[in-house]
Amino acid sequence: MQVLGSYVSGRWAQGTGAAQTLLNPATEEALATASSEGIDLAAALEHARRRGGPALRALSFAERGALLQAVADALQDARDELLQLGIANGGNTRSDAKFDIDGAIATLLAYAELGSALGAGRFLIDGEGLQLGRSPRFHGQHVAVPRHGVAVQVNAFNFPAWGFAEKAAAALLAGMPVLSKPATATAMVAHRAMQVIAEQKILPDGALSLLVGAPRDLPALLGAQDVLAFTGSGETGARIRALPNVIRHSVRVNVEADSLNAAVLGPDIEARSDMYELFLKDVLRDVTQKAGQKCTAIRRVLVPQEALAAVRDDLVEMLGAIRVGNPADQEVRMGPLASGAQLADVIAGMEMLGTESRRISGTSGRLLAKGFFVSPALFEYESDLQAKAVHDREVFGPVVSLLPYTEHPAAIVARGNGGLVCSLYSEDAAWLEQAVAGVAPWHGRIFLGHPKIELSPGPGTVLPQLVHGGPGRAGGGEELGGRRALSFYLQRVALEGSRPVIAGLARGGSA
Ligand code: NAP
């Protein structure tokens with residue numbers, strides 16, 4: 001069985017002590033073990049700060065972008081191998097694994113391109129310079145410079161490649177070294193990606209490290225120049241935020257957490273229309289892709305009371321046709337959940353939804369004796385009035401709830417208390433305007449479905465150009481968004497002084 005090491009302090013290191021076993025979630029076959037015990041985390045962080053940081057800061061944005069391009073090329077060369085690992089260790093269908101790995105490569109390429117566009121500067125010029133007094137010599141200019149610490153990036157189990165790449169791309173381009181920590185249960189993809197990058201010596205020493213296994217006290221070791229980008233459960237995010245060192249040293253923390261994403265069908269949409277079909281397609285994709293284990297997946301489907309029966313019947317039929325099984329079989333449309341812990345959590349979540357709604361598709365509990373399978377499930381609510389768990393409990397699996405609305409649905413959507421994405425399907429401009437105004441403050445992204453947009457990836461796909469994150473339950477964080485992604489890793493500083501002096505200093509920056 002493979003023993004996964006960690007790449008820290010510029011070399012591979014094996015953990016000691018009790019290791020966690022990584023499984024194939026379709027067969028429960030043991031594939032690898034991982035332990036971070038005994039690894040000197042403080043030394044790993046210090047190596048990144050002392051070696052990786054200065055090396056990256058010496059490069060221009062264009063040069064850092066070229067490194068991202070080389071990482072993307074290396075992952076592209078290893079794509080087939082990474083896809084196989086995603087299928088075996090993640091329970092992904094081939095299409096699910098492509099979503100993760102191709103998404104990782106595309107995101108790296110997008111930030112490589114941004115680096116090239118930012119050019120020869122080593123820091124960012126933030127806005128126009130300002131005359132500060134009556135004398136034109138008295139001048140101010142905001143700039144944003146790379147922080148001198150290390151960016152610790154903790155990822156969730158569902159996107160081992162994309163999560164790793166999207167976070168690392170932004171930090172490396174900004175000029176900060178990265179220590180990435182994948183979720184242990186599905187770490188084989190990120191581990192292999194790191195092997196490929198390290199073997200080819202693409203990045204400067206210390207620029208990228210990977211810790212495989214338990215995080216131990218990693219967040220407690222961070223200081224004032226470090227940052228922590230976390231993706232996972234809201235509970236873990238809250239625990240990290242409350243750490244004494246995080247509070248005392250104002251460690252910058254970004255949390256990407258849970259979300260009860262809603263899809264809303266407008267009252268103007270007729271059954272069988274192109275918009276209606278798009279809406280159904282997006283819901284079906286989100287319930288089944290990666291077995292519903294996407295932070296952006298639609299969890300709540302809101303439809304006008306009059307459309308309830310049609311939507312229910314169509315979804316029951318579509319979900320019933322989904323073939324669930326071992327994703328190594330190419331006919332299979334939906335694989336298992338990623339781990340036994342996820343299976344237990346999803347079953348508990350479905351039981352909770354079942355106390356206030358009616359299950360109208362799928363079977364309760366475990367589907368097969370071996371493997372962490374459940375069938376796609378649809379729960380129907382008679383009205384929003386008796387609904388509580390559906391707005392409060394993220395069931396991180398192939399589970400969706402259908403709710404009718406009579407009044408404008410924005411208030412129902414807002415009961416989710418903050419989300420990553422809300423999708424709206426309507427051609428009524430006045431209704432859309434009201435809906436956007438109602439849901440926008442609660443979300444990081446609003447997806448406006450339209451059948452004329454060709455090849456729309458739907459609301460569940462996070463794009464490198466647009467921000468990802470959301471207020472409240474979703475963690476209050478923000479990642480990606482093109483150039484916006486860099487700001488988390490940069491310190492904005494106002495330069496105040498004589499205009500020619502500041503102009504000289506600003507020459508090393510990119511506007
Ligand atoms: P989790 O238990 O919070 O784990 C997430 C990551 O945090 C893992 O790498 C885990 O490592 C690590 N971790 C656990 N305890 C930690 C601690 N005290 N300090 C530092 N790191 C710690 O979350 P999960 O249940 O596996 O993930 C599913 C959740 O992630 C879902 O709720 C989903 O909505 C959310 N998610 C959000 C987004 C987003 O972008 N907003 C994306 C994907 C998933 P180990 O694996 O070693 O325990």
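Bear in mind that the values here come from a model prediction, so they are computed numbers and not experimental data. In each ligand, atom 1 is the first atom listed, and ligand 1 is the first ligand listed.
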Phe159 six-ring centre to Lys290 NZ/CZ under 6.0 Å and within 45° of normal: yes
Residues [X] and [Y] bridged, charged N to O under 4.0 Å:
X: Glu394; Y: Lys294; result: no
X: Arg79; Y: Asp102; result: yes
X: Arg94; Y: Asp80; result: yes
X: Asp226; Y: Arg147; result: no
X: Asp392; Y: Arg473; result: yes

Using the benzene-type ring in the case of Trp, are the ring centres of Phe396 and Phe157 under 6.0 Å apart? yes
Would you kindly specify which portion of [X] sits under 4.0 Å from ligand 1, judged on non-hydrogen atoms: side chain, backbone, both or neither?
X: Phe159; value: neither
X: Glu394; value: side chain
X: Ile240; value: side chain
X: Val154; value: side chain

Nearest protein heavy-atom contact for [atom]: which residue, which atom, what distance?
atom: atom 23 (O) of ligand 1; answer: Ser233 N, 3.2 Å
atom: atom 22 (C) of ligand 1; answer: Pro215 CG, 3.5 Å
atom: atom 38 (C) of ligand 1; answer: Cys295 CB, 3.0 Å
atom: atom 10 (C) of ligand 1; answer: Lys181 CE, 4.0 Å

Can you sort out which atoms of ligand 1 are near [X], meaning under 4.0 Å from one of its heavy atoms?
X: Gly232; answer: 3 (O), 5 (C), 23 (O), 29 (C), 30 (O), 35 (C)
X: Thr231; answer: 5 (C), 6 (C), 36 (N), 37 (C), 38 (C), 39 (C), 40 (O), 42 (C), 43 (C), 44 (C)
X: Phe157; answer: 26 (O), 27 (O), 28 (C)
X: Leu420; answer: 41 (N)
X: Asp258; answer: 32 (O), 34 (O)
X: Asn155; answer: 6 (C), 8 (C), 9 (O)
X: Pro219; answer: 19 (N), 20 (C)
X: Pro182; answer: 9 (O)

Under a 3.5 Å distance rule, please check whether [X] uses its side chain to pair with a backbone N or O of [Y] as donor and acceptor.
X: Ser456; Y: Ile453; value: no
X: Asn92; Y: Gly90; value: yes
X: Arg484; Y: Glu478; value: no
X: Gln20; Y: Ala34; value: no
X: Glu356; Y: Ala389; value: yes

Non-hydrogen atom of [X] closer than 4.0 Å to ligand 1:
X: His468; result: yes
X: Ala341; result: no
X: Ala474; result: no

Within a distance of under 4.0 Å, is there any protein heavy atom near atom 19 (N) of ligand 1? yes
Sub-4.0 Å protein heavy atom near atom 26 (O) of ligand 1: yes
Nearest non-hydrogen atom to atom 37 (C) of ligand 1 belongs to which of Ala257, Ala156, Ala338? Ala257
In terms of its nearest heavy atom to atom 43 (C) of ligand 1, the top option of Thr186, Val152, Asn158 is Asn158
Which atom names give the shortest non-hydrogen contact between Pro471 and Pro441, and what distance separates them? CG-O, 3.6 Å
I'd like to check Val390 versus Phe379 (side-chain heavy atoms, cut-off strictly below 4.5 Å). Are they in contact? no
Should Thr236 be counted as touching ligand 1, given the test is an N or O pair under 3.5 Å? yes
Can you find an N/O atom of Thr184 closer than 3.5 Å to an N/O atom of ligand 1? yes
Can you classify the ring geometry of Tyr425 versus Phe447 as parallel (below 30°), tilted (30 to 60°) or perpendicular (above 60°)? tilted
